[in-house]
Structures are given as C-alpha cells and as structure tokens.
Amino acid sequence: ELETKTMNGAGMEDYVADILGLSPGTKYFIRAYAINSDGVGYGNEITFETLSQSNATVTTNAPSEVTSSSAMSGGNVISDGGAEVTGRGVVWSIDHNPTISLDTKTSDGTGVGKFTSAIIGLAPGTTYYVRAYVTNTLGTSYGEEVSFTTQIVKPTVSTIEADEITQTSAKVGGNVTATGGAE
C-alpha cells in the first residue's frame with residue numbers, strides 16, 4: 001500500500017488536501033478516496049504536472065570585519081529551485097544592484113546552504129553595495145542588497161626636495177599620493 005495519501009476528516013462534505021514534497025516538473029496521478037464499513041471507494045483519476053524548475057533563492061549576510069581594504073560577507077542558499085546549484089558567492093560595486101557581469105565577485109562553491117565570502121581589493125573610505133548570488137541551470141538570482149563603508153586611513157604624502165635655497169628662505173613642499181579615503 002502506498003504511503004502517499006492524506007487523511008482529511010470524516011463525513012459527507014467537500015475536502016481539500018495539501019500535497020507537499022513533490023518534485024518539480026513531474027507528472028502525478030491522483031484519486032480521491034473515502035472509506036466506510038463496506039470498504040474503500042475511489043473517485044476518478046486525474047493528472048497534473050508540477051511546475052518546472054525555478055531560480056534558486058539566496059539571502060545576503062550583513063558585512064563584518066570591515067577594514068580599509070576588505071570585508072567579510074556571504075549568504076545562505078535557501079532553495080536550489082529544483083535544479084543543481086552551479087555557483088554561488090557575492091558581488092559588490094560602488095553602484096547599487098551589482099550583478100555577476102562584474103569582475104568584483106567571489107566564487108564560493110555550489111549547493112544549498114551557508115557560505116562565507118572575503119571581499120578584497122577595496123578602497124578606503126568608500127561605500128560598497130553587496131549582494132549574494134546563486135546560479136542554477138535556469139539562471140542567476142540575487143539576495144537583498146546590503147552596504148558598508150570601508151575605514152578611512154591616514155593620507156600618504158611625500159616631501160619634495162628643497163629648492164630655491166637662500167640664506168634666509170627655501171621653497172619646500174609635498175605631494176599627497178593617497179587621500180586615505182577622506183578629503
């Protein structure tokens with residue numbers, strides 16, 4: 001006897017059953033049934049096919065361990081959409097809604113579950129926008145966008161050699177080679 005059945009009360013009335021745990025893109029055959037003291041009565045057989053696979057679902061982790069040039073993030077692939085997850089990671093940009101067409105992304109394996117991403121090569125004192133992504137055989141989906149600002153560091157400056165030296169004066173200066181992320 002099959003264990004793929006529901007129990008939906010007793011009596012003579014309409015009933016509805018939720019059928020869970022079905023596979024995507026699969027044809028199923030269903031019959032209603034009722035039991036009384038004489039036995040089991042079956043309704044006519046119907047068929048339906050579950051919807052095909054869909055894009056996978058992912059959430060984005062809040063950035064942490066933010067420095068002047070790096071941060072940590074990641075995500076959680078909640079659903080594979082009924083198809084194999086072929087890639088996952090995070091993508092970042094100084095512009096909103098970054099996509100995997102950018103070079104600024106990580107590749108953090110495959111499959112469903114949590115992953116951690118190291119975001120590196122950042123500029124100090126800059127706001128970045130991050131989204132987790134997941135790719136399955138149907139396409140790429142993104143988690144919610146989160147943002148963070150890298151830390152500011154001391155500016156970098158070099159001293160220019162003294163010039164036009166006299167007995168009571170000299171011309172000196174410097175060259176700011178990096179702002180450190182602030183004016």
Side-chain angles (χ1 to χ4, degrees), residues 1-66 70-120 122 127-148:
E1 184 173 295
L2 293 175
E3 292 298 322
T4 53
K5 64 183 176 186
T6 64
M7 302 290 286
N8 299 95
M12 200 168 131
E13 59 187 48
D14 289 345
Y15 62 91
V16 176
D18 289 326
I19 305 171
L20 306 174
L22 303 178
S23 297
T26 303
K27 187 174 189 176
Y28 288 92
F29 300 87
I30 304 289
R31 292 194 301 174
Y33 74 93
I35 303 171
N36 68 13
S37 59
D38 192 42
V40 180
Y42 291 97
N44 57 310
E45 181 177 85
I46 62 167
T47 64
F48 68 89
E49 188 169 330
T50 53
L51 297 177
S52 296
Q53 299 164 336
S54 62
N55 287 343
T57 307
V58 65
T59 61
T60 306
N61 293 350
S64 63
E65 301 177 36
V66 178
S70 66
M72 296 299 290
S73 186
N76 185 11
V77 178
I78 297 169
S79 166
D80 63 9
E84 179 184 0
V85 171
T86 56
R88 64 187 190 179
V90 296
V91 59
W92 66 92
S93 174
I94 58 171
D95 297 316
H96 287 282
N97 300 314
T99 66
I100 61 169
S101 63
L102 299 172
D103 291 334
T104 52
K105 63 180 175 274
T106 64
S107 179
D108 298 304
T110 61
V112 174
K114 296 178 181 180
F115 61 92
T116 302
S117 305
I119 303 170
I120 58 172
L122 306 178
T127 298
Y128 289 92
Y129 301 94
V130 180
R131 295 196 297 174
Y133 72 88
V134 59
T135 302
N136 69 7
T137 54
L138 297 174
T140 300
S141 299
Y142 297 92
E144 62 281 356
E145 180 179 86
V146 296
S147 67
F148 66 94

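Quantities reported herein were computed from a predicted structural model and do not represent experimental measurements.
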Handout entry: With sequence neighbours excluded, residues passing side-chain contact (heavy atoms from CB on, under 4.5 Å) with Asp95
Key = Ser93
Handout entry: side-chain hydrogen bond (donor to acceptor under 3.5 Å, both in side chains) partners of Thr99, counting only residues at least two apart
Key = Ser101
Exercise for the section: Quick one: closest heavy-atom pair of Ala132 and Val90, and the distance? Expected result: CA-CG1, 4.0 Å
Handout entry: Heavy-atom pair of closest approach, residues Ile119 and Val130
Key = CD1-CG2, 4.0 Å
Completion exercise
For Thr104, the side-chain contact (heavy atoms from CB on, under 4.5 Å) test, sequence neighbours excluded, returns Trp92, Leu102
Practice task
Taking side-chain hydrogen bond (donor to acceptor under 3.5 Å, both in side chains) as the test, write out the residues that go with Ser70, two or more places apart.
Solution key: Thr67
Handout entry: Partner set under ring-ring contact (aromatic ring centres under 6.0 Å, His included) for Tyr15, not counting sequence neighbours
Key = none
Handout entry: Sequence-distant partners of Phe148, ring-ring contact (aromatic ring centres under 6.0 Å, His included), two or more places apart
Key = Tyr128
Exercise for the section: Could you go through the side-chain contact (heavy atoms from CB on, under 4.5 Å) check for Thr60 and Glu145 one step at a time? Expected result: CA-CA 7 Å; Thr60 306; Glu145 180 179 86; over 6 Å; no
Fill in the blank from the handout: Looking only at heavy atoms, the pair that brings Ala71 and Leu122 closest together is N-CD1, 4.2 Å
Completion exercise
side chain to side chain donor-acceptor pair (under 3.5 Å) test vs Thr135 passes for just one of Asn55, Thr140, Thr86, namely Thr140
Can I get a per-line list of side-chain donor-acceptor pairs under 3.5 Å for residues 38-47, giving both atom names and the distance, sequence neighbours left out?
none

Exercise for the section: Could you list the residues that satisfy ring-ring contact (aromatic ring centres under 6.0 Å, His included) with Tyr33, not counting sequence neighbours? Expected result: none
Exercise for the section: Could you list all the ring pair (Phe, Tyr, Trp, His ring centres under 6.0 Å) pairs where at least one residue sits in residues 96-120, not counting sequence neighbours? Expected result: His96-Tyr129
Completion exercise
Closest heavy-atom pair, Lys105 versus Ile100, reported as atoms and distance to 0.1 Å, is NZ-O, 2.8 Å
Handout entry: Least distance between heavy atoms, Val91 atom then Tyr142 atom
Key = CG1-CE2, 4.2 Å
Exercise for the section: Please confirm whether the backbone N or O of Asn61 pairs with a side-chain atom of Ser73, one donor and one acceptor, at under 3.5 Å? Expected result: yes
Exercise for the section: Name all residues meeting the side-chain contact (heavy atoms from CB on, under 4.5 Å) criterion together with Ala62; count only those two or more places apart in sequence or in a different chain, and write none if there are none. Expected result: none
Problem - Any Asp80 side-chain heavy atom under 4.5 Å of Asn136 side chain - result: no
Problem - Any residue meeting side-chain contact (heavy atoms from CB on, under 4.5 Å) with Thr110, in chain and number order, not counting sequence neighbours - result: none
Completion exercise
Heavy atoms of Thr137 and Ala83 approach each other most closely as OG1-CB, 3.2 Å
Practice task
List for me each residue that meets side-chain hydrogen bond (donor to acceptor under 3.5 Å, both in side chains) alongside Ser117, sequence neighbours excluded, and say none if there are none.
Solution key: Thr106, Asp108
